[in-house]
Amino acid sequence: MFEISSEFNQNIFSQIIQLWKITGVGNPARGDNFTSIKKSLDHGGKIFTLLNNQKVIGTCWLTHDFRRSYIHHMAIHPDYQNAGHGRKILELALEYSQELGLQAKLEVHKNNPHAQNLYKKQGFKLLDGYEVYIKRDIKKQNEE
């Protein structure tokens with residue numbers, strides 16, 4: 001039985017981490033730990049999990065900056081891909097963004113044509129002229 005939930009706890013987080021490892025969206029360098037996700041949820045973020053008999057088989061995590069909603073770690077377990085689950089969970093994410101009155105933005109790896117196709121079908125357009133940069137080795141001032 002499939003259901004979508006926005007519940008978040010340590011058990012769900014453990015399952016999410018496993019799914020992210022299987023699908024390749026997880027990476028310890030990103031700092032996606034229980035505390036950072038919980039903090040984002042406490043400040044208006046949302047995490048949708050697709051469950052099959054209480055087992056997490058899909059995720060879509062949203063954060064926002066009060067202007068744009070950012071879709072992170074959209075993932076469906078390989079055993080359940082190409083069955084419409086990604087579209088369904090993405091539609092919920094877009095509905096949530098619309099409820100908040102925010103533009104939706106996401107990043108997708110250039111070697112992931114299946115995800116690119118899904119996003120294009122949902123109306124996303126490539127943001128021409130931009131390159132994405134990140135600095136992950138930020139230290140708090142009191143850590144120096």
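Numbers for residues simply follow the sequence, beginning at 1.
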side-chain contact (heavy atoms from CB on, under 4.5 Å) filter on Lys105, not counting sequence neighbours, yields Arg68, Tyr70, Leu127
Separation between CD of Glu3 and CG of Asn53, rounded to the nearest 0.5 Å
9.0 Å
Where is the tightest heavy-atom contact between Tyr96 and Gly44, given as atom of each residue plus distance?
OH-O, 2.8 Å
Test item: Asn52 side-chain N/O and Lys55 main-chain N/O as donor-acceptor pair under 3.5 Å:
no
Heavy-atom nearest pair, Gln116 first then His109, reads NE2-O, 3.1 Å
If Ile, Leu, Val, Met, Phe, Trp and Tyr residues are connected whenever their side-chain heavy atoms lie under 4.5 Å apart, and connections chain through other members, are Ile12 and Ile4 in the same group?
no
State yes or no: do Ile17 and Val56 share one hydrophobic cluster built from I, L, V, M, F, W and Y residues joined by side-chain heavy-atom distances below 4.5 Å, directly or via other members?
yes
Surrounding CD of Glu107 (heavy atoms of other residues, nucleotides or ligands, distance under 6.0 Å), is the total greater than 12?
no
Would you check if the side chain of Thr59 reaches a backbone N or O of Trp20 as a donor-acceptor pair within less than 3.5 Å?
no
For Phe66, which residues count as a ring-ring contact (aromatic ring centres under 6.0 Å, His included) partner, sequence neighbours excluded?
His64
So for atom CD, which belongs to Glu91, do other residues, nucleotides or ligands contribute more than 12 heavy atoms lying within a distance under 6.0 Å?
yes
Keeping Gln81 on the side-chain end and Ile76 on the backbone end, is there a donor-acceptor pair under 3.5 Å?
yes
To the nearest 0.5 Å, what is the distance between NE2 on His114 and CG on Asn82?
6.5 Å
Rounded to the nearest 0.5 Å, what separates atom CD in Gln122 from atom CG in Leu94?
6.0 Å
As a test of understanding, state which of Leu19, Ile89, Leu92 forms a side chain to side chain contact (heavy atoms under 4.5 Å, CB included) with Leu50.
Ile89
Distance in Å, Leu62 CG paired with Ile47 CD1, rounded so as to fall on 0.5 Å steps
9.0 Å
Measure from the side-chain N and O atoms of Ser97 to the backbone N and O of Ser69, and report whether any donor-acceptor pair falls under 3.5 Å.
no
Heavy-atom closest contact (Trp61 atom, Ser36 atom, distance)
CZ2-O, 4.5 Å
Would Thr49 and Ile16 count as a side chain to side chain contact (heavy atoms under 4.5 Å, CB included) if you check the C-alpha gap in whole Å, the side-chain angles of each, and the deciding distance to 0.1 Å?
CA-CA 8 Å; Thr49 54; Ile16 288 171; 3.8 Å; yes
Of all pairs that satisfy ring pair (Phe, Tyr, Trp, His ring centres under 6.0 Å), the ones with a partner from residues 21-42, not counting sequence neighbours:
Phe8-Phe34, Phe13-Phe34
Which heavy atom of Gly86 sits nearest to which heavy atom of Met74, and what is that distance?
O-CE, 3.0 Å
As an exercise, state the distance from CG of Leu90 to NE2 of His85, rounded to the nearest 0.5 Å.
14.5 Å
Are Ile22 and Ile37 co-members of a hydrophobic cluster defined by side-chain heavy atoms under 4.5 Å apart?
no
For the atom pair CD (Gln15) and NE2 (His77), what is the distance rounded to the nearest 0.5 Å?
11.0 Å
